[in-house]
Amino acid sequence: MLDQRLLRDNPELISQQLGRRGMEVDLTKLQLIAKQERDLEEQRSNLQAEGNRTGKEVGMLIKGGAAPDSDEVKALREKGNRIKQQVAVLEEEEKGLEAKLREQLLALPNLPSADAPEGKSEADNVEVKRWGEPRQGKDLEEHWQLADRLGLFETERSVRIAQSRFITLMGDGARLERALISFMLDLHSTKGYTEVMPPILVNSASLTGSGQLPKFAEESFRCADDDLWLTPTAEVPLTSLHRDEVIAVEQLPLKYAAYTPCFRREAGSYGRDTRGLIRLHQFNKVELYWFCHPEKSAEAHEQLTLDAEAVLEALELPYRRLELCTGDMGFSAARTYDLEVWLPGAGSYREISSCSTCGDFQARRSAIRFKEGKGTQLLHTLNGSGLAIGRTMAALLENGQQPDGSIQLPAALVPYFGRERLTPQ
RNA sequence: GGAGAGGUGGCCGAGUGGUCGAAGGCGCAGCACUGGAAAUGCUGUAUAGGGGCAACUCUAUCGAGGGUUCGAAUCCCUCCCUCUCCGCCA
């Protein structure tokens with residue numbers, strides 16, 4: 001959520017920065033509501049002050065010996081009643097405006113950082129780094145072909161259990177998934193991340209706090225009988241881990257690594273990535289999350305991205321880092337790096353992690369502050385995948401494929417998986 | 001799911017209709033004392049919003065939302081949560 005004071009003091013900046021995202025917003029209506037709301041608040045609180053004084057007067061009169069039904073007291077009571085009624089009217093109006101203002105503010109995305117490159121779409125993202133030698137060659141298979149031959153998962157039977165875009169991992173496939181989760185969590189633990197296993201059903205306040213609601217309700221699965229949703233990413237429960245808290249400055253930064261399943265409707269992606277592990281309604285992910293001091297967030301963004309890259313490097317998977325342009329960034333992000341892993345079978349780079357700094361956007365929605373000296377301020381939040389497990393498995397399969405049909409696994413994984421090769425079962 | 005108890009400031013804990021944002025303690029900060037520290041003493045110490053250059057001031061907040069009243073932490077209603085016992089259960 002954007003700062004209301006910014007809306008008041010510098011609305012041009014908001015329009016201009018949202019313009020960099022490719023949005024055209026007219027803030028005059030919003031400003032008008034904000035102004036009305038503030039005027040109303042002033043009127044109401046002045047009236048309440050008078051009401052409070054009246055109440056006290058009655059108390060003092062009675063304590064001083066006046067009869068509760070004396071004319072003097074009666075007159076004050078009537079005055080109190082009159083004020084109460086007026087306040088009620090103003091209050092209702094004020095609440096209406098407040099709700100409207102909040103609703104509209106919640107629908108506005110974060111302002112892009114000044115450092116974010118300007119652009120309209122994916123095509124304008126900027127490659128900033130490349131690591132590893134992308135393996136090239138004819139006859140390299142895609143991960144779903146390899147997995148099929150190795151018997152790593154069931155696709156058709158998964159439709160029976162749930163529906164399309166769900167997968168059932170079997171045998172070595174299930175084992176490799178588990179190995180990857182443990183491997184990643186262990187790696188992050190050595191870098192000061194606290195391991196977290198949060199609820200994966202989250203309430204709507206949590207989704208609002210991290211930015212998925214109100215605008216992206218159609219992207220998540222909702223439980224019909226409760227105010228609970230299946231979380232689309234661990235970013236949601238992790239943000240709300242400290243919702244409505246004031247954190248002592250010495251505790252910052254708080255760094256968390258959480259493994260969770262993630263659930264997404266993937267609406268609007270019919271026909272894309274229909275085979276294999278790339279795009280599923282349910283997938284596993286290890287998420288990295290920082291709560292940090294505003295002055296440290298740029299540095300933290302680099303570090304968090306490096307921590308995600310460390311997983312790819314330990315797994316010997318070639319990747320590149322893109323900086324997303326203003327037009328391609330997510331709703332809550334001020335600045336984003338995407339990590340794309342090389343898939344030799346597909347012959348392309350594929351997103352495997354998205355590392356964003358959200359500034360105080362989520363902190364304001366979620367009321368997460370820190371205390372430094374006398375006052376409290378909003379802190380900054382950052383998140384990034386470290387990494388998406390299914391896509392990591394796909395990359396391992398494609399990058400490790402051998403002429404004899406087996407898959408060579410990276411050395412770092414052997415202690416977790418127990419073998420250095422996948423062979424047909 | 002049934003029965004009971006309870007939710008007050010960073011924490012503990014008083015407070016059952018009047019000037020209570022709230023005693024007391026702990027913690028924390030400043031000052032004094034000290035060679036330095038401990039102990040001690042004094043002072044200060046919630047959050048959000050509005051007004052003011054500022055000192056300051058107004059409003060709201062005692063789980064949440066309604067209600068009664070001139071006036072509610074305190075009385076009434078609804079909901080949420082926590083704890084204990086019973087039941088059920090991985």
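Note on naming: letters A, B, ... go to the chains in the order of the sequence lines (proteins, then strands), and numbering restarts at 1 for each one.
- Rounded to whole Å, the distance from CD on A/E57 to C1' on B/G18 is 13 Å.
- You'll find the side chain of A/T392 reaches within 4.5 Å of the side chain of A/M184, heavy atoms only.
- Contacts of A/K74 with the nucleic acid, taken as non-hydrogen atoms under 4.0 Å apart, are absent.
- Within 4.0 Å (heavy atoms only), A/I62 reaches at least one base atom of the nucleic acid.
- Contact check, A/T376 against B/A48: a side-chain N or O comes under 4.0 Å of OP1 or OP2.
- Of the candidate nucleotides B/C70, B/G51, B/U59, B/C70 has the atom nearest to the side chain of A/K84.
- Rounded to whole Å, atom C1' of B/G49 lies 15 Å from atom CG of A/L97.
- The shortest distance between the side-chain N/O atoms of A/N46 and the OP1/OP2 oxygens of B/C58 is not below 4.0 Å.
- With rounding to whole Å, A/L47 atom CG is found 16 Å from B/C70 atom P.
- Look at B/C11: its Watson-Crick or wobble partner, with both distances under 3.5 angstrom, is B/G25.
- In this entry B/U68 has no Watson-Crick or G-U wobble partner, no candidate having both defining distances under 3.5 Å.
- One C1' atom belongs to B/C33, the other to B/G41, and the distance between them is 8 Å to the nearest Å.
- Under 3.5 Å, the side chains of A/Q16 and A/R20 contain no donor-acceptor pair of N or O atoms.
- Between the C1' atoms of B/A22 and B/G15, the separation comes to 8 Å (whole Å).
- A close approach under 4.0 Å does not occur between any side-chain nitrogen or oxygen of A/R82 and OP1 or OP2 of B/C70.
- Residue-to-nucleotide proximity on RNA chain B shows that, of A/Q48 and A/K63, the 5′-proximal contact is made by A/K63.
- Rounded to whole Å, atom P of B/A60 lies 20 Å from atom CZ of A/R38.
- Between A/D360 and A/R364 there is a salt bridge, with a side-chain nitrogen of the basic residue lying less than 4.0 Å from a carboxylate oxygen of the acidic one.
- Nucleotides B/A29 and B/C81 place their C1' atoms 34 Å apart, quoted to the nearest Å.
- Taking atom CD of residue A/E245 and atom P of nucleotide B/G9, one finds them 14 Å apart after rounding to whole Å.
- Within the structure, every side-chain polar atom (N or O) of A/N203 is placed at least 4.0 Å from both OP1 and OP2 of B/C80.
- For B/G6, the paired base is B/C81 (Watson-Crick or G-U wobble, both distances below 3.5 Å).
- The partner of B/C89 is absent, by the rule that a Watson-Crick or G-U pair needs both atom distances under 3.5 Å.
- A salt bridge links A/E323 with A/R335: the closest approach of a Lys/Arg side-chain nitrogen to an acidic carboxylate oxygen falls below 4.0 angstrom.
- Side-chain N/O atoms of A/T239 and A/Y289 include a donor and acceptor closer than 3.5 Å.
- Comparing the same atom, C1', in B/G7 and in B/G13 gives a spacing of 13 Å after rounding to whole Å.
- Nucleotides B/C28 and B/U16 have their C1' atoms positioned 33 Å apart, rounded to a whole Å.
- Nucleotide B/A32: paired with B/U40 (Watson-Crick or G-U wobble, both distances less than 3.5 Å).
- Put simply, A/R53 has no side-chain N or O that comes within less than 4.0 Å of OP1 or OP2 on B/C70.
- Look at the P atom in both B/G63 and B/U82: the space between them is 16 Å, to the nearest Å.
- Regarding contacts with the backbone of B/G66, a side-chain N or O of A/K95 is found under 4.0 angstrom from either OP1 or OP2.
- Nucleotide B/U61 is matched to B/A46 when pairs are restricted to Watson-Crick or G-U wobble geometry with both distances under 3.5 angstrom.
- For B/G49, one of the phosphate oxygens OP1 or OP2 lies less than 4.0 angstrom from a side-chain nitrogen or oxygen of A/R5.
- In this structure, the side chains of A/E309 and A/L339 come closer than 4.5 Å at one or more pairs of heavy atoms.
- One C1' atom belongs to B/U74, the other to B/A14, and the distance between them is 13 Å to the nearest Å.
- Taking only side-chain nitrogens and oxygens, A/N52 comes nearer than 4.0 Å to OP1 or OP2 of B/U59.
- In this structure, B/U19 makes no Watson-Crick or G-U wobble pair, since no nucleotide meets both defining distances under 3.5 angstrom.
- Between A/M60 and A/E42, the one whose closest nucleotide on RNA chain B sits nearer the 5' end is A/M60.
- To the nearest angstrom, C1' of B/G51 lies 15 Å from CD of A/Q43.
- Checking the phosphate oxygens (OP1, OP2) of B/U47, a side-chain nitrogen or oxygen of A/K371 falls inside 4.0 Å.
- When rounded to the nearest whole Å, the span between CG of A/D71 and P of B/C70 equals 16 Å.
- Two residues are said to be in side-chain contact when any heavy atoms from C-beta on lie closer than 4.5 Å; A/L387 and A/K285 fail this criterion.
- One P atom belongs to B/G27, the other to B/A38, and the distance between them is 12 Å to the nearest Å.
- One can place CD of A/E50 at 13 Å from C1' of B/C58, the figure rounded to the nearest angstrom.
- B/A55 makes up no base pair with any nucleotide shown, lacking Watson-Crick or G-U wobble contacts both under 3.5 Å.
- Taking side-chain N and O atoms only, A/R44 has no distance below 4.0 Å to OP1 or OP2 of B/G51.
- Going from atom CG of A/L228 over to atom CD1 of A/I200 covers 11.5 Å, rounded to the nearest 0.5 Å.
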